Amino acid sequence: MTRTMRQTPHLAGTSTAQPPATAPRRSARRRAAAAVVVGALALTVSACGSDDPLNHPWRPGGGAAQAGSGDGAAQVEGLTGTVAGAGSSAQEAAMQAWIAGFQSANPDVSVAYDPVGSGGGRTQFVEGGIAYAGSDAPLDEQELAAAQERCAPGEVAELPLYISPIAVMFNLEGVETLNMSAATIAGIFARDITRWDDERIAADNPGVALPDLPITPVNRSDESGTTENFTEYLHEAAPEAWPFDPSGNWPLTGGQSAQGTSGVVQTVQDGQGTITYADASRAGTLGTVALGVGGDWVPFSPEAAAAVVDASPRAEGRPAASLVVALDRDTTAPGAYPLVLVSYTIACTAYADAADGELVEAFLTYVASEDGQAAAAQAAGSAPISEGLREQVMTVVEAISQEAM
């Protein structure tokens, strides 16, 4: 049966870099006072974010990103040293912009980030190999316990500093966009829908010339927070078509796969009739899918992703410094795009090495600032986090001590 849905306009995000803000170094006493406040956190979220420094039509202002331009990072007097992180490949472009801006203001500091994937970043963080991590999914129960032990006597912090739509993107000659319900997407990736002219695709795309061509779904071969978010969306929005539990590891064997965000995007670009899921900023010239939400077809955009995050509560049963969002994947809210990735920066509120604590606090202060968020928006298409969320994040960041207590 053909369903008629109204297509929500594809909004372009906007952001304006703010004047440089001062960021004086806080005393250990002030940080300790801030730590007491952490237990009183109540999350108010309205945010969004994304991935690649290439030119994408939906990036705020358009045009190629200029990492580090207009960043406005405040210099921290006497700050020196090296700090390393790893994790989410979806965060790579934003992280490059954050590092460039922070190091330009603090030339005696070296910040490193290895985009090995969310699973690798979480593992390295838990094992103590890095000072901070990027992850497109929260720590699971076992990881959370191990991270709490690693961060003792402080707490593990999970900060939603990068929020982005995940795009379902495809390579189909002459087709730039398609409408698909969650059930149709699930059917494609479960390999129940195998050809592009399938009646279930055609029903929601009247007037589109769909070719008689096999569909080649491409999934991540590595453990991925993007995969976990994607499978969570399919499981919650189309449980009959996608009976598999959400997981960072792809649940089906066989088929075509590739390593990392760049790998799956390149595979789709090199093929014909290929389809994948990845951070929306990597869509480039590939075709993209508008999701069925309520009575609308909603394309990805920072605003649409922010709408679903804004309507979602904070996850229960986690440490006070863990600001994890419980996303409403099957929302029917007008204009909301439920296939969204909330990527967290994972850190400790106490470090055995005083230098690590000092550098992590200073770096995350910039990342969460208006200037840091504007730099990420320019480089990766993200929408700056709200002032309310920034206040919650900074309460945690200011609690980071320079030495274990």
Side-chain angles (χ1 to χ4, degrees), residues 7 10 50-52 56 58 89-90 136 164-205 208-222 224 226-235 237-238 241-242 244 246-247 249-293 297-300 329 337-341:
Q7 179 131 334
H10 190 155
S50 199
D51 180 328
D52 185 73
H56 301 294
W58 64 284
S89 59
D136 301 338
S164 168
I166 296 171
V168 178
M169 53 188 77
F170 58 86
N171 192 355
L172 206 57
E173 187 174 357
V175 182
E176 295 183 357
T177 184
L178 288 171
N179 300 326
M180 291 187 189
S181 67
T184 297
I185 297 170
I188 289 172
F189 282 89
R191 303 173 202 151
D192 293 327
I193 299 176
T194 61
R195 303 195 70 81
W196 282 104
D197 58 351
D198 187 283
E199 62 181 10
R200 286 165 286 188
I201 302 175
D204 291 331
N205 295 278
V208 177
L210 295 168
D212 179 11
L213 187 71
I215 299 174
T216 304
V218 181
N219 59 266
R220 289 279 290 268
S221 61
D222 54 322
S224 162
T226 306
T227 295
E228 184 166 349
N229 279 272
F230 182 61
T231 56
E232 182 178 87
Y233 163 71
L234 296 180
H235 182 74
W242 191 264
F244 312 102
S247 174
N249 295 301
W250 191 249
L252 297 168
T253 58
Q256 194 156 348
S257 63
Q259 174 88 18
T261 301
S262 297
V264 293
V265 172
Q266 188 65 52
T267 300
V268 170
Q269 290 174 338
D270 292 344
Q272 185 62 211
T274 46
I275 187 169
T276 193
Y277 56 92
D279 189 89
S281 69
R282 301 299 296 270
T285 60
L286 291 173
T288 56
V289 170
L291 304 182
V293 180
W297 295 113
V298 183
F300 70 82
R329 300 289 191 182
Y337 185 89
L339 181 47
V340 63
L341 173 152

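Since the model is a prediction, treat every value here as computed from it, not as a measurement. Count residues from 1 along the sequence. Basis for what follows: all heavy atoms, side chains included, without hydrogens, waters or symmetry-related copies.
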Practice prompt. Give, for atom CD of Q259 and atom CD of Q266, the distance between the pair rounded to the nearest 0.5 Å.
Written response: 14.5 Å
Practice prompt. Give a yes-or-no answer on whether the side chains of R200 and S181 include a donor-acceptor pair shorter than 3.5 Å.
Written response: no
Worksheet entry | Approximate separation, where rounding is to 0.5 Å, of E232 CD and I166 CD1 | 9.5 Å
Discussion item. Please check this pair: side chain of S224 against backbone of R220, looking for a donor-acceptor N/O pair closer than 3.5 Å.
Written reply: no
Worksheet, complete the sentence: Value for OG1 (T274) from CE (M169), rounded to nearest 0.5 Å, stands at 11.0 Å
Worksheet item: Does the side chain of I201 come within less than 4.5 Å of L210's, by heavy atoms?
Response: yes
Item to complete: Could you tell me whether the side chain of L291 reaches within less than 4.5 Å of the side chain of M180, counting heavy atoms only?
Response: no
Practice prompt. Flag the pair T276 / T267 as yes when at least one side-chain heavy-atom distance between them is below 4.5 Å, and no otherwise.
Written response: no
Practice prompt. Could you tell me whether a side-chain N or O of R329 sits under 3.5 Å from a main-chain N or O of A237, the two making a donor and an acceptor?
Written response: no
Fill in: Side-chain donor/acceptor of T177 to backbone N/O of T288, under 3.5 Å
yes
Worksheet item: Ring centroid separation for W250 and Y277, is it under 6.0 angstrom?
Response: yes
Item to complete: Establish, from distance only, whether the side-chain atoms of T226 and D136 form a donor-acceptor pair under 3.5 Å.
Response: yes
Item to complete: Write down the atom of Y337, the atom of A167, and the distance for their closest heavy-atom approach.
Response: OH-CA, 3.8 Å
Discussion item. For W196 together with F170, are the ring centres under 6.0 Å from each other?
Written reply: yes
Worksheet item: Any idea which heavy atoms bring A209 and V175 closest together, and the distance?
Response: O-CG2, 4.2 Å
Discussion item. Atom CD of residue position Q272 - does it have more than 12 heavy atoms of other residues, nucleotides or ligands inside 6.0 Å?
Written reply: yes
Worksheet, complete the sentence: Rounding to 0.5 Å, atoms CG (D212) and CG (D198) come to a distance of 11.0 Å
Worksheet item: S221 side chain to A258 main-chain N or O, any donor-acceptor pair under 3.5 Å?
Response: yes
Worksheet item: At their closest point, which heavy atom of V168 faces which heavy atom of L339, and how far apart are they?
Response: CG2-CD2, 3.8 Å
Worksheet item: Hey, does V340 have a side-chain heavy atom less than 4.5 Å from the side chain of S164?
Response: no
Worksheet item: Is there a side-chain contact between V264 and N219 (heavy atoms, below 4.5 Å)?
Response: no
Worksheet item: Counting only N and O atoms by type, is there a donor-acceptor contact under 3.5 Å from the side chain of T231 to the main-chain atoms of T227?
Response: yes
Discussion item. Between N179 and D204 (side chain of the first, backbone of the second, donor and acceptor by atom type, cut-off under 3.5 Å), is there such a pair?
Written reply: yes
Worksheet entry | Distance (rounded to the nearest 0.5 Å) between L178 CG and I275 CD1 | 8.0 Å
Discussion item. Please give me the minimum heavy-atom distance between V268 and N171, naming the atom from each residue.
Written reply: O-ND2, 3.1 Å
Worksheet entry | Criterion ring-ring contact (aromatic ring centres under 6.0 Å, His included) against F189, the qualifying member of F244, W242, Y233, F230 | F230
Practice prompt. Taking the side chain as every heavy atom from C-beta outward, state whether I193 and T184 have any pair of such atoms under 4.5 Å apart.
Written response: yes
Worksheet item: Just checking, any donor-acceptor pair under 3.5 angstrom between side chains of T261 and D279?
Response: no
Worksheet item: So which heavy atom on V293 is nearest to which on P338, and how close?
Response: CG2-CD, 3.6 Å
Item to complete: Please lay out, stage by stage, how N229 and L341 fare under the test side chain to side chain contact (heavy atoms under 4.5 Å, CB included).
Response: CA-CA 6 Å; N229 279 272; L341 173 152; 4.3 Å; yes
